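One structure is given below, encoded as structure tokens.
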Amino acid sequence: MKAINGKQIASDIVDELTAKTASIQGPKPCIAFIRVGEDPASVSYVRGKNRTAEKIGITPLLFAFEDSISQETLDAKIDELNADASVNGILIQSPLPSHLDEQSAFNRIDPNKDVDGFHVINAGRVVQEDSAGFVSCTPAGIIEICQREGISLEGKHVVVIGRSLIVGKTFALLAMQNGPQANATVTVCHSRTRNLKEITRQADVLVAAIGRPEMVTGDMIKDGAVVIDVGINRVEDASKKKGYKLVGDVNFAEAEPIASRITPVPGGVGPMTVAMLMKNTVKAYELQNS
Ligand code: GUN
């Protein structure tokens, strides 16, 4: 099938992790979520992660703070969770309100509990191609999709649109690594890139991670390219019960006939991010208990 069923792949990973945690004697792996404010998307993401953790047999803890909390209060909670040996993984849902320093909060997490892979040490390990660390979940999920769907990156021209640490930059680093599921030639495009279409049309694998609804149109895609859509954008739609629908960064209707494989939104990369977070949490548990 042309469309890649990320939901199914994520569900397979959840099943594998459920079997693994079932075999653990004694306390199960535990992940702590920190959420600040009531941004509806963040509330929904954390709820989804909480639910998946429970399903796997990972104990979730949720710490929800008011929008107005100080950096000191946030730091104190991170310190407390770092010191708590029963907590294996810590996730701070991004974005934080603008008065808080997000990267400083990520860097305060014990790197061995940094299941999001946002700590400077874990980001550095990706650069050094050191697999001992934690890799940011969305880029790791894209690599996992390629592996499980038999999509080789070897020698391919991978074009990434977006340079965030969470997705674009980290995926570019993974794809250019010297090793299996990598060895790609990588171009990173961003908001200041000139002649974007000329570059994206050269992509064997096109990864869209810009957060702009349906920005990638059919004329930007080479015939037979693999298209990975990382965007999750809420756009108003009065005909929907919730008043909005989710669309990706790719115009799916235009891209689908041109691409050889494509990830839909929803049901593509999104569920993989949660599955990889759970995989990292089990890895953290194993590292801390070995
Ligand atoms: N916000 C959007 N994606 C992510 C993610 O992967 N981790 C965290 N912590 N926040 C996010």
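Index from 1, following the sequence. Whatever order the structure lists them in is the order used to number ligands and atoms, beginning at 1. Everything quoted here is computed from the prediction, not taken from an experiment. Below, each value reflects all heavy atoms present in this structure, side chains not excepted, and no hydrogens, waters or symmetry copies.
The proximity of Phe118 to ligand 1, defined as any non-hydrogen pair under 4.0 Å, is limited to the side chain.
The number of heavy-atom neighbours closer than 6.0 Å to NZ of Lys2, taken from other residues, nucleotides and ligands shown, is above 12. More than 12 non-hydrogen atoms from other residues, nucleotides or ligands lie less than 6.0 angstrom from NZ of Lys283.
Under the 4.0 Å distance rule, the nearest protein heavy atom to atom 9 (N) of ligand 1 falls inside the cut-off.
When each of Lys156, Arg261, Lys222 is tested with Asp204 by the rule salt bridge (charged side-chain N to carboxylate O under 4.0 Å, His left out), just one qualifies, namely Lys222.
If you take CG on Leu196 and OG1 on Thr200, they are separated by 5.0 Å, rounding to the nearest 0.5 Å. In this structure, OG in Ser94 is found 9.5 Å from CD in Gln103, a value given to the nearest 0.5 Å.
For ligand 1, the atoms closer than 4.0 angstrom to any heavy atom of Ser94 are 1 (N), 8 (C), 9 (N), 10 (N), 11 (C). Interface of Ile92 with ligand 1, defined as ligand atoms under 4.0 Å from a residue heavy atom, comprises 8 (C), 9 (N).
Applying the salt bridge (charged side-chain N to carboxylate O under 4.0 Å, His left out) criterion to Lys28, with sequence neighbours excluded, gives no partner residue.
In this structure, the protein non-hydrogen atom closest to atom 3 (N) of ligand 1 is Ile166 CG2, 4.5 Å. For atom 11 (C) of ligand 1, the nearest non-hydrogen atom of the protein is Gln93 NE2, 3.4 Å.
By heavy-atom distance, the residue among Ile232, Asp116, Val230, Leu91 lying nearest atom 7 (N) of ligand 1 is Asp116.
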